[in-house]
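Everything on this sheet refers to the single structure shown next.
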Amino acid sequence: MYVLAEAANDPLTRLAAAAMGCEAAAWGPSALALWGLRPFPQTPVVATASQLHETIGVEVRSIAALGQLPLVERRGIPTASLELAVISLAYLISERSLHDLIDQVIRDRLTTWEQLERVIVRYRRRWRSAHAAPRRGAR
């Protein structure tokens with residue numbers, strides 16, 4: 001599977017090969033793309049609880065409790081839930097971009113503020129100290 005991923009020019013193929021059967025899941029911008037919210041990133045991102053080796057063209061993030069996080073399957077690939085995908089970007093994008101993304105998913109009725117808030121509260125310890133969790137109505 002890794003050989004196919006390394007030879008593939010398609011980021012989705014690399015993501016699928018890295019995530020399938022390796023206790024890994026699409027994460028961050030890759031998860032959002034699978035939810036149809038952003039163009040697919042050139043470098044796919046997976047999160048894993050195991051010692052998945054870096055594959056060419058795939059960014060691997062270690063998350064010890066991956067199995068305890070809300071994961072779903074999108075396009076046959078284990079993926080962070082929409083709410084988790086949104087909040088996982090909190091430390092990667094500007095505060096304004098984060099609020100725009102939250103507005104978009106709520107406006108498009110993909111989730112509710114209450115569902116986002118539940119994930120934020122439940123996984124608050126995972127937030128990076130550099131960024132505050134989004135607040136209802138904050139701009």
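Numbers here are sequence positions counted from 1. The analysis underlying the following values was restricted to heavy atoms, covering all of them including side chains, and did not include hydrogens, waters or symmetry mates.
- Taking every heavy atom of both residues into account, Leu37 and Leu110 meet most closely at CD2-CD1, 3.8 Å.
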Which atom pairs, donor and acceptor, lie under 3.5 Å between side-chain atoms of residues 25-32 and protein residues at least two apart or in another chain?
| residue | atom | partner | partner atom | Å |
| --- | --- | --- | --- | --- |
| Ser30 | OG | Val45 | N | 2.7 |

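- Atoms CD and CD1, from Gln115 and Ile120 in turn, are 12.0 Å apart once rounded to the nearest 0.5 Å.
- Taken from CD in Gln104 to CZ in Arg38, the straight-line distance is 6.5 Å, to the nearest 0.5 Å.
- Within 6.0 Å of CZ in Arg109 there are 12 or fewer heavy atoms belonging to other residues, nucleotides or ligands.
- Residues Val86 and Val119 fail the side-chain proximity criterion, which asks for heavy atoms closer than 4.5 Å.
- Inter-residue side-chain proximity for Trp35 and Val105 is flagged as unmet; no heavy-atom pair is nearer than 4.5 Å.
- Considering every non-hydrogen atom in both Val60 and Thr48, the closest pair reads CG1-CG2, 3.4 Å.
- Under the side-chain contact (heavy atoms from CB on, under 4.5 Å) criterion, Thr43 pairs with Glu59, sequence neighbours left out.
- Here the OG-CD1 distance, from Ser88 to Ile63, works out to 7.5 Å after rounding to the nearest 0.5 Å.
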Please tabulate, for side-chain N and O atoms in residues 76-84, each donor-acceptor pair with protein atoms closer than 3.5 Å (sequence neighbours left out).
| residue | atom | partner | partner atom | Å |
| --- | --- | --- | --- | --- |
| Thr79 | OG1 | Ile77 | O | 2.7 |
| Ser81 | OG | Leu84 | N | 3.2 |
| Glu83 | OE2 | Thr111 | OG1 | 2.5 |

